[in-house]
Asks: 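A single structure is presented below for examination.
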2 protein chains.
Amino acid sequence: MSERELRRSMSVLPMGTVITLTGLTARQIRYYESQELISPNRSASNHRLYSLNDIDRLLLIKDYLESGMTIQDIKHLEHKQQAKDQLSDSAARKLLQSELMRSGGLINPHHKPLH
Amino acid sequence: MSERELRRSMSVLPMGTVITLTGLTARQIRYYESQELISPNRSASNHRLYSLNDIDRLLLIKDYLESGMTIQDIKHLEHKQQAKDQLSDSAARKLLQSELMRSGGLINPHHKPLH
DNA sequence: GATTTGATGTTAGATAATCTAACATCAAAA
DNA sequence: TTTTGATGTTAGATTATCTAACATCAAATC
């Protein structure tokens with residue numbers, strides 16, 4: 001993980017900050033958690049702690065809901081996007097691998113010796 | 001102000017987050033404020049609210065103190081740096097102005113007509 | 001060596017923030 | 001008409017933050 005991604009994934013923001021940054025109410029934020037759209041970490045004293053990535057995610061959820069989508073819609077949409085991302089990852093891996101092979105940097109993982 | 005600078009100057013982080021991000025104690029953070037090294041905003045209910053710029057500033061202060069400097073040293077150092085920055089700003093303005101003049105984009109602010 | 005100063009620790013008492021759980025509302029879907 | 005989905009509101013308990021004061025302790029000063 002990059003330094004930037006590490007910072008963005010640090011869970012340090014309490015509820016009040018999230019309310020300010022998203023314009024959502026505590027009730028909404030906790031409800032989305034109960035519906036498993038987000039799963040913030042907790043402090044040692046059981047207070048929710050959010051990351052900048054969580055903020056982005058909540059703003060996205062807010063947009064989806066304001067556009068008329070339901071929470072179930074959002075969950076389904078994200079399942080599809082996740083599947084698509086995995087396909088992309090798979091394609092990217094294959095591309096990278098063939099590039100490395102062409103440049104002689106790696107052995108073909110499926111290579112069988114021509115005895 | 002750029003969008004980035006705007007975000008970095010937003011006062012949204014309460015004391016607990018600052019403690020986590022800087023490794024300082026509440027006592028230290030408040031003491032630096034009493035010594036006028038920082039001046040965080042306050043919420044409507046009188047709680048301190050810090051920005052990302054404040055975090056950077058506190059980390060810098062921490063480094064200075066750990067290097068053996070005293071708080072007065074830091075204040076003097078920053079006065080000098082501020083003066084230097086202003087000089088730089090002045091120099092930058094003059095440079096920009098002469099560039100604009102050469103390209104004919106601006107009238108010499110000190111021009112006197114050759115009646 | 002004794003005293004002062006600078007930075008930080010600790011505590012007490014008051015107020016604010018967050019937590020869970022429950023009941024309320026209200027428009028839209030069934 | 002009833003159910004569902006999303007949100008509001010409230011109560012009681014716990015945690016976080018606030019100010020102010022007193023304590024500590026090494027380093028500078030007298």
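So that the names make sense, note that chain A is the first sequence line, chain B the second, and so on, each numbered from 1.
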Asks: Mind listing the residues from residues 41-68 of chain B sitting with a heavy atom below 4.0 Å of DNA chain C? Number order is fine.
Replies: S45(B), H47(B)
Asks: Assess whether a salt bridge exists between R27(B) and E33(B), defined as any Lys/Arg side-chain N lying under 4.0 Å from an Asp/Glu carboxylate O.
Replies: no
Asks: Sequence neighbours excluded, which residues qualify as salt bridge (charged side-chain N to carboxylate O under 4.0 Å, His left out) partners of D56(A)?
Replies: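 Checked D56(A) against salt bridge (charged side-chain N to carboxylate O under 4.0 Å, His left out); matches are R8(A).
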Asks: Do S51(A) and D54(A) pair up side chain to side chain, a donor and an acceptor below 3.5 Å, judged on atom types alone?
Replies: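 The answer is yes; a qualifying pair exists.
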Asks: Contacts to DNA chain D from residues 29-37 of chain A, heavy-atom cutoff under 4.0 Å, which residues?
Replies: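 Y31(A), Y32(A), in order of number.
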Asks: Please work out which residues in residues 69-81 of chain A have a non-hydrogen atom less than 4.0 Å from an atom of DNA chain D and list them by number.
Replies: T70(A), I71(A)
Asks: Are more than 12 heavy atoms, taken from residues, nucleotides or ligands other than E36(B), located less than 6.0 Å from that residue's CD atom?
Replies: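 No, the 6.0 Å shell around CD holds no more than 12 heavy atoms from other groups.
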Asks: What are the two closest heavy atoms between I29(B) and I19(B), and how far apart are they?
Replies: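 Nearest pair, atom of I29(B) first, then I19(B): CD1-CG1, 4.0 Å.
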Asks: Do K84(B) and E78(B) meet the salt-bridge criterion of a basic N to acidic O distance under 4.0 Å?
Replies: no
Asks: What is the pairing partner of dC22(D), taking Watson-Crick or G-U wobble pairs with both distances under 3.5 Å in any strand?
Replies: dG9(C)
Asks: Spell out, yes or no, whether L13(B) and L52(A) are grouped together once hydrophobic residues are joined by side-chain heavy atoms under 4.5 Å, including indirect joins.
Replies: yes
Asks: Could you tell me from which nucleotide to which nucleotide of DNA chain D, 5' to 3', there is an atom under 4.0 Å from chain B heavy atoms?
Replies: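 Boundary nucleotides touching chain B, in 5' to 3' order, are dT17(D) to dT19(D).
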Asks: Quick test: give all pairs of protein nitrogen or oxygen and nucleotides 28-30 of chain C nitrogen or oxygen below 3.5 Å, distance rounded to 0.1 Å.
Replies:
none

